Amino acid sequence: MTRPNTRQSSRENQTKKLSTTTTLKPKKKQKQKKRDGADKPKKPPTAFFYFLEDFRKTFQEQNPDIKSMRDIGKACGEKWKTMTYEEKVSYYDIATEKRAEFEKAMAAYVKRKESGEVSEESEDYD
DNA sequence: AAGGTGATTGTTCAG
DNA sequence: CTGAACAATCACCTT
């Protein structure tokens, strides 16, 4: 099967050409500085991250001069795009399984929310 | 000394 | 539909 289980069926709808204003170019950072205490389940690592795990080791061996993950990230991104679809599928497959587990966590989260147990609303009650 | 930042793409949620 | 934020990781920089 050269096809990943990446919810292609559902994604097919979004896979359309939405080249209007999809994803702007935020020059700002994406760091979360505080308050991750949300009950919401953390997002599962993407296929890219799994690729990093494997690529990182190889990259350091081939480039012992490079240490920081930032530099590797750039190299990974570049390499990632050069990778063929079939190769990426391997990582997508892993991520897909992870998402399945995350989906359960999300369902439990929603269920819990319905129980009125938690409100993600800004409850700064301290 | 200690902590926040930056960079990578993908995924997911919320409005 | 669209946008914005966050997932791992670690050297480097700022305070």
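Chain letters run A, B, ... following the sequence lines, proteins first and then strands; every chain starts at 1. All values reported here derive from a predicted model rather than from experimental measurement.
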Legend entry - A/Glu101/A/Lys98 ion pair, N-O < 4.0 Å: yes

Inset, instruction - Report the distance from atom CG of A/Leu52 to atom P of B/dT11, rounded to the nearest whole Å. - result: 13 Å

Inset, instruction - Identify which nucleotide among B/dG10, C/dC6, B/dA7 has an atom closest to any side-chain atom of A/Lys74, counting heavy atoms from C-beta outward. - result: B/dA7

Inset, instruction - Classify the nucleic acid contact of A/Phe102 as base, sugar-phosphate or nothing, counting any heavy atom under 4.0 Å across all strands shown. - result: sugar-phosphate

Legend entry - Contact check, side chains of A/Lys79 and A/Thr82, non-hydrogen atoms, under 4.5 Å: yes

Legend entry - Length of the CD-P vector between A/Glu78 and B/dT9, whole Å: 10 Å

Legend entry - Gap between atoms CZ and P, on A/Phe48 and B/dA7 respectively (whole Å): 14 Å

Inset, instruction - Please tell me which of A/Met106 and A/Ala47 maps to the more 5' nucleotide of DNA chain B, matching each residue to the nucleotide holding its nearest heavy atom. - result: A/Ala47

Inset, instruction - Could you state the atom-to-atom distance from CD1 of A/Ile66 to P of B/dT8 in whole Å? - result: 13 Å

Inset, instruction - For the side chain of A/Arg56, starting at C-beta, report the closest nucleotide among B/dT12, C/dC10, B/dT9. - result: C/dC10

Inset, instruction - Report yes or no: do A/Thr58 and A/Glu61 form a side-chain donor-acceptor pair below 3.5 Å? - result: no

Inset, instruction - Taking only the side-chain nitrogens and oxygens of A/Arg70, find out if one of them lies under 4.0 Å from OP1 or OP2 of C/dC12. - result: no

Legend entry - Flag for A/Asp93-A/Ser90: side-chain donor and acceptor within less than 3.5 Å: no

Legend entry - Spacing between A/Lys43 atom NZ and B/dT9 atom P, to the nearest angstrom: 16 Å

Legend entry - A/Phe49 aromatic ring stacked with six-membered ring of C/dA7, 5.5 Å and 30°: yes

Inset, instruction - Please work out whether the ring planes of A/Trp80 and A/Phe51 are parallel, tilted or perpendicular, with thresholds of 30° and 60°. - result: tilted

Inset, instruction - Starting at atom CH2 of A/Trp80, determine the distance to atom C1' of B/dG10, rounded to an integer number of angstrom. - result: 8 Å

Inset, instruction - Measure the shortest side-chain to side-chain distance between A/Met69 and A/Leu52 over non-hydrogen atoms and say whether it is less than 4.5 angstrom. - result: yes

Legend entry - Those residues that, when tested against A/Asn63, pass side chain to side chain contact (heavy atoms under 4.5 Å, CB included) (two or more places apart): A/Phe59, A/Ile66

Inset, instruction - Give the rounded distance in Å between these two atoms: CG of A/Asp71 and P of B/dG6. - result: 15 Å

Inset, instruction - Five pairs at each end of the helix from B/dA1-C/dT15 to B/dG15-C/dC1: take the axis at both ends and give me the angle between them to 10°. - result: 70°

Inset, instruction - Nearest whole angstrom, please: distance from the P of C/dA11 to the CG of A/Asn63. - result: 15 Å

Inset, instruction - Among B/dA7, C/dA11, B/dG10, find the nucleotide with the atom closest to the side chain of A/Lys67. - result: C/dA11

Inset, instruction - State whether A/Lys42 places a side-chain N or O below 4.0 Å from either non-bridging phosphate oxygen (OP1 or OP2) of C/dC6. - result: no

Inset, instruction - Scan A/Thr46 against the nucleic acid and name what it touches under 4.0 Å (heavy atoms): base, sugar-phosphate only, or nothing. - result: base

